There are 2 protein chains.
Amino acid sequence: MTPRTDTDDPTERPRIPLSRRRVLRAAVAIADRDGPESLTMRGLAQELGVEAMSLYHHVAGKEAVFDGTVEVILAEIMAAVDEVDAPSPEDDWRAALRARILTAREVFLRHRWAPQVLESRGTTSPDVVAYLDGVVAILRAGGFSFDLAHRALHVLGSRALGFAQELFRPDGAAPTANDAAAEMERMAGRFPNIAGMLAAAVHDDPDGTLGFCDDQFEFEFALDLILEGLERRRAAS
Amino acid sequence: MTPRTDTDDPTERPRIPLSRRRVLRAAVAIADRDGPESLTMRGLAQELGVEAMSLYHHVAGKEAVFDGTVEVILAEIMAAVDEVDAPSPEDDWRAALRARILTAREVFLRHRWAPQVLESRGTTSPDVVAYLDGVVAILRAGGFSFDLAHRALHVLGSRALGFAQELFRPDGAAPTANDAAAEMERMAGRFPNIAGMLAAAVHDDPDGTLGFCDDQFEFEFALDLILEGLERRRAAS
DNA sequence: ACCTGAACACCGTTCAAGT
DNA sequence: ACCTGAACACCGTTCAAGT
């Protein structure tokens, strides 16, 4: 007898042995498709054609799986920032840092669930530290003291990794223009200033193709404002 | 027979009827004490001396409970900002906004779990919109166009509510000075720039009483940098 | 060494029944 | 109207057993 089994069924793929790497990649795939709240050990096992208990030979538990997905995302970021060609930080630290951050951002745009999972981790992963080490390297090359670089990390916060807290999230409701108009009417009473802001934005973009906010534009506006403030303090120091 | 039961046991408090308000206050109390991950419907019921199923007469389910805790926190913030006496925004929008934000921050410092729960809500609660309406009101009084006010909300992000993404969270490990030194040694190899930054910070604060970061100082530094950048753009507009 | 089935101790929630 | 007990359909995880 050959060691191969199930030869009668050609649809059965030869079994690839389970590994930590395969488990984590499957976890990222599930989060990409259904969101992180849909990630269960049983579902993850099913995705891999295996029983749930087999996972525990490769990861410590569910929390370790989430830690692992952050690892995968950060690795993707590190690979991306390594390839981008930006000005040397000695010549133009702002352009160098800007390029790094916007490159990292692209990865998070492909994995929109990742910020929430990253923030939910109790402790700072070494991969995040490694990424931030590169940020500090750029600042140092640009003439920052360690102290001012430290300030800079705090000012940037999650923006250093390319994402920002959005307090204003799309409602998802208001599918028709009429609903939107009714919603606006209601808001004008309770929230006159927000309503005025919304009206002004709609005026600038009458088709509303962008929705209320162009996230990329807002992100870059905020980033440039911060980089300018940091450069001002660096020059004064 | 009187309707009162259990008169034999004087420790049994007369039963206060359950209400949405009581349920949500108990939920906040549990989150304050044990963290939001420890909040379960069964535990919440026990805290209220009731069966789990009774809760469903006052809240739709667990997600509604979390929505409700955000409501409670935002109400606390609104009460706090109403009482603070700050410069009129017409005279000094920066001072007025700064005072509002630092007041909101105090509430989050009393409920450190709240940012994560607030961010986990899929949609923007009306209470957050009400708070931001006040922020926009200050900006408008300070001479901002609706458009620039919109930019400002995005730049501030969660900082408008008084909290910021901290990517660098205290490890909790390294309880002894020796452990910390060993940790530093290890970091110097993999993360030379972060390690240098850490060393510089320790040098400035040899007792290490503040830990690595003085959060309040960093928050205000970042806030002031942003307010300055916004004022510059307002003046130029 | 790697995988599994059955079981345990939890969850949120439904439902029919009590008062 | 408000509360409850039993039950259902899930979880993550342990353990002893298989190969």
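We name chains A, B, ... by the order of the sequence lines, and we start the count at 1 in each one. Quantities reported herein were computed from a predicted structural model and do not represent experimental measurements. Computed over heavy atoms, backbone and side chain alike; hydrogens, waters and symmetry mates excluded.
Remark: the backbone N or O of A/Glu71 is not paired with any side-chain donor or acceptor of A/Asp127 at under 3.5 angstrom.
With rounding to whole Å, B/Met41 atom CE is found 17 Å from D/dA9 atom C1'. Taking atom CG of B/Leu44 as the reference point, atom C1' of C/dT13 lies 14 Å away to the nearest angstrom. Atom CZ of A/Arg42 is separated from atom P of C/dC11 by 16 Å (rounded to the nearest Å).
Side-chain atoms of A/Val28 and A/Trp113, non-hydrogen and from C-beta on, do get closer than 4.5 Å to each other. Side-chain contact between A/Gln216 and A/Leu109: present, with at least one pair of heavy atoms (C-beta onward) separated by less than 4.5 Å. A heavy-atom distance below 4.5 Å is not found between the side chains of A/Glu218 and B/Leu153. Residues B/Leu118 and B/Leu161 have side chains in contact (heavy-atom distance under 4.5 Å, counting atoms from C-beta outward).
If you check D/dG12, D/dT4, C/dT4 against the side chain of A/Val50, the one that comes closest is C/dT4.
Residues passing the side chain to side chain donor-acceptor pair (under 3.5 Å) test with B/Arg159, sequence neighbours excluded: none. Checked against side chain to side chain contact (heavy atoms under 4.5 Å, CB included), B/Arg25 has the following partners two or more places apart in sequence or in another chain: B/Arg21. With sequence neighbours excluded, the residues forming a side chain to side chain donor-acceptor pair (under 3.5 Å) with A/His154 are A/His150, B/Glu166, listed by chain and number.
Heavy-atom distances under 4.0 Å link DNA chain D to no residue of residues 23-39 of chain B. Non-hydrogen atoms lying under 4.0 Å from DNA chain D are contributed by B/Glu51, B/Met53, B/Ser54, B/His57, B/His58, all within residues 51-64 of chain B.
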Next item on the list: Can you run through DNA chain D from 5' to 3' and write each base as (, ), [, ], | or . depending on how it pairs? Watson-Crick or G-U wobble, both distances under 3.5 Å.
Entry: ||.|||||...|||||.||
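A cation-pi arrangement is present between A/Arg100 and A/Tyr131 under the rule of less than 6.0 angstrom and at most 45 degrees off the ring axis.
In this structure, B/Glu83 places its CD atom where only 12 or fewer heavy-atom neighbours from other residues, nucleotides or ligands lie under 6.0 Å away.
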